[in-house]
Asks: 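Sharing a structure below in structure tokens format, with a few things to ask.
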2 protein chains.
Amino acid sequence: MQEIRLTPTSYIVLGLLELAGESTPYGLKQLVAGSVGYFWTLQHAQLYTEPERLATAGYVKETREEGGRRRRLYAITAEGRRALDDWRTGTTTELAELREPALLKLFFGADPKALAAAQIPANRARLAEYEQIRDSMPDDVPPGPRQALEMGIRFERAAIAFWEELAG
Amino acid sequence: MQEIRLTPTSYIVLGLLELAGESTPYGLKQLVAGSVGYFWTLQHAQLYTEPERLATAGYVKETREEGGRRRRLYAITAEGRRALDDWRTGTTTELAELREPALLKLFFGADPKALAAAQIPANRARLAEYEQIRDSMPDDVPPGPRQALEMGIRFERAAIAFWEELAG
DNA sequence: CCTATCATGTAATCCGTTACATGATTAT
DNA sequence: ATAATCATGTAACGGATTACATGATAGG
């Protein structure tokens, strides 16, 4: 049983396994794409390596399908739940970093209008996507994802307003 | 002359060297801390290794102090300026990722009130800091940093409003 | 003087990205 | 059948973080 450090990626995998139950890496990929991936992207390769990493420390258990493709299936263990809970319970004063490429360019003197011309449609499209997700969300979705989505919507609105003002 | 890939870190170093002229790694660290570091943090070690990396590809030139400590000094080269300009000119449709630890916890079911209790003061403090910087900014500061700061202020306001409603 | 803190670096580790590769399904 | 796409992985590389270390300066 190895000691490993738990990263945000680890908690995403643990959290999704808790929400969705036993899953394959590809299943996790689908889950990420439709939810947390909007504000925290992961490479698909990580969804193969991270569960394996978590397994070496006992946070998840790997099984394989018997017949056919013998795909890997991962399930969260009791220890995994405990780690996830500890993380969720601990408070953070850590602040978000606005690591936005466009903002960095703006900072270093890029033409605001040119940036805005690209950012406005991209942000509008993203906002529309969020609103569509919100309006078609099944009733059984827990509050966490709803609230995170709400933050996403607000952020997009703020970004659009900002770039529109810059564009004049 | 090696080929290297230019990362956001690279552009931060190049951009700061353009703004401030020849600098030591420690000088860069100070510059980052007071400006771009608010929305894009760097480890101090990177301000030693990244200029060295950039030097191998000719984007910056390294010299050393003659006497005393023989500290390393870095200056942007013509090629560095060109690379910086190309980057600044190219538009991005890439969107920001809201990689906020607190938001991730919220997504996965953490108690909103507990999170808010930690986030609100932290965000308020950050906002106050931003406003203080804005209000004491010398007149010769270029528009880029001003505009980026403005975005930071808006983001903080949105975050505060969001967490306050959750705490409500 | 002594000790914090500031300043300057190096080395090792490791996570995340990128690239490569191939098996299974579905559509034409 | 064949091509395209979906699904499932592995391997290499490299940038970022972390840890270690030491020299200079200032404060008490």
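Just so you know, these numbers come straight off a predicted model, no measurement behind them. First the proteins, then the strands, lettered A, B, ... as listed; each starts at 1.
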Asks: Whole angstrom is fine here: how far is it from CG in A/L54 over to P in C/dG16?
Replies: 11 Å

Asks: Taking ILVMFWY side chains as joined if any heavy atoms are under 4.5 angstrom apart, and letting links pass through other members, which residues group with A/V141?
Replies: A/Y38, A/L127, A/Y130, A/I133, A/M137, A/L149, A/I153, A/I160

Asks: Report the residues that fulfil salt bridge (Lys or Arg N to Asp or Glu O under 4.0 Å) with A/E164, sequence neighbours left out, ordered by chain and then residue number.
Replies: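 Partners of A/E164 under the salt bridge (Lys or Arg N to Asp or Glu O under 4.0 Å) test: A/R124.
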
Asks: Give me the atom names and distance for the closest heavy-atom approach of A/T77 to A/V60.
Replies: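 Closest approach of A/T77 to A/V60: CG2-C, 3.6 Å.
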
Asks: Assuming nearest nucleotide by heavy-atom distance, tell me which of B/P25 and B/R99 is located more 5' along DNA chain C.
Replies: B/P25

Asks: If you look only at pairs with a residue in residues 2-17 of chain A, which of them pass as a salt bridge (Lys or Arg N to Asp or Glu O under 4.0 Å), with sequence neighbours excluded?
Replies: none

Asks: Take the protein atom CD of A/Q43 and the nucleotide atom C1' of D/dG14, then report the distance between them rounded to whole Å.
Replies: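 Atom CD in A/Q43 sits about 14 Å away from atom C1' in D/dG14.
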
Asks: Which listed nucleotide (D/dT17, D/dT10, C/dT8) is nearest to the side chain of B/A45?
Replies: D/dT17

Asks: B/R99: what forms a side chain to side chain donor-acceptor pair (under 3.5 Å) with it, not counting sequence neighbours?
Replies: B/E97

Asks: Indicate whether OP1 or OP2 belonging to C/dG9 is found under 4.0 Å from a side-chain N or O atom of B/R72.
Replies: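 Answer is yes, contact under 4.0 Å.
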
Asks: Do the rings of A/F155 and B/F155 sit parallel, tilted or perpendicular, given the 30° and 60° boundaries?
Replies: perpendicular

Asks: Got a sec, which residues hit side-chain contact (heavy atoms from CB on, under 4.5 Å) with B/D111, two or more places apart in sequence or on another chain?
Replies: B/K113, B/A114

Asks: Taking the minimum atom-to-atom distance to the side chain of B/R5, which one of D/dT8, D/dG14, C/dT8 wins?
Replies: D/dG14

Asks: Between atom CG in A/L6 and atom P in D/dT18, what is the gap in whole Å?
Replies: 14 Å

Asks: Does A/Q46 have a side-chain nitrogen or oxygen under 4.0 Å from the phosphate oxygens OP1 or OP2 of C/dC15?
Replies: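 A/Q46 to C/dC15 OP1/OP2: no side-chain N or O under 4.0 Å.
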
Asks: Would you find a donor on one side and an acceptor on the other, under 3.5 Å apart, between the side chain of A/K105 and the backbone of B/G90?
Replies: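 Yes; judged by distance alone, with no hydrogens or angles, the pair exists.
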
Asks: For the side chain of A/E52, starting at C-beta, report the closest nucleotide among D/dG15, D/dT10, C/dC15.
Replies: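 The answer is D/dT10, which lies nearest to the side chain.
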
Asks: Could you work out which one of C/dC14, C/dG16, C/dT8 sits closest to the side chain of B/R71?
Replies: C/dT8

Asks: Rounded to the nearest angstrom, tell me the gap between atom CD in A/E50 and atom C1' in D/dT8.
Replies: 18 Å

Asks: Contact list please: residues 27-42 of chain B against DNA chain D, heavy atoms, distance less than 4.0 Å, in numerical order.
Replies: none

Asks: Could you give the OH-to-P distance, from B/Y74 to C/dG9, as a whole number of Å?
Replies: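 It is 8 Å, rounded to the nearest whole Å.
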
Asks: For A/T9, report the nucleic acid contact type (base, sugar-phosphate, nothing); a contact means any heavy atom under 4.0 Å.
Replies: sugar-phosphate

Asks: When you check every protein heavy atom under 4.0 Å of nucleotides 21-26 of chain D, what one-letter string (B, S, -) results, 5' to 3'?
Replies: ---S--

Asks: From the list D/dA16, C/dT18, C/dT10, which nucleotide is the closest neighbour of the side chain of B/Y48?
Replies: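 Of the options given, the side chain of B/Y48 lies nearest C/dT10.
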
Asks: Take atom CD of A/E97 and atom P of D/dA16, then tell me their distance rounded to the nearest Å.
Replies: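 In whole Å, D/dA16 P lies 12 Å from A/E97 CD.
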
Asks: Can you name the residues that form a salt bridge (Lys or Arg N to Asp or Glu O under 4.0 Å) with B/E131, not counting sequence neighbours?
Replies: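 B/E131 satisfies salt bridge (Lys or Arg N to Asp or Glu O under 4.0 Å) with B/R157 only.
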
Asks: Could you note down all residue pairs passing salt bridge (Lys or Arg N to Asp or Glu O under 4.0 Å) where residues 139-154 of chain A supplies at least one of them, sequence neighbours left out?
Replies: A/E150-A/R154, A/R154-B/E165

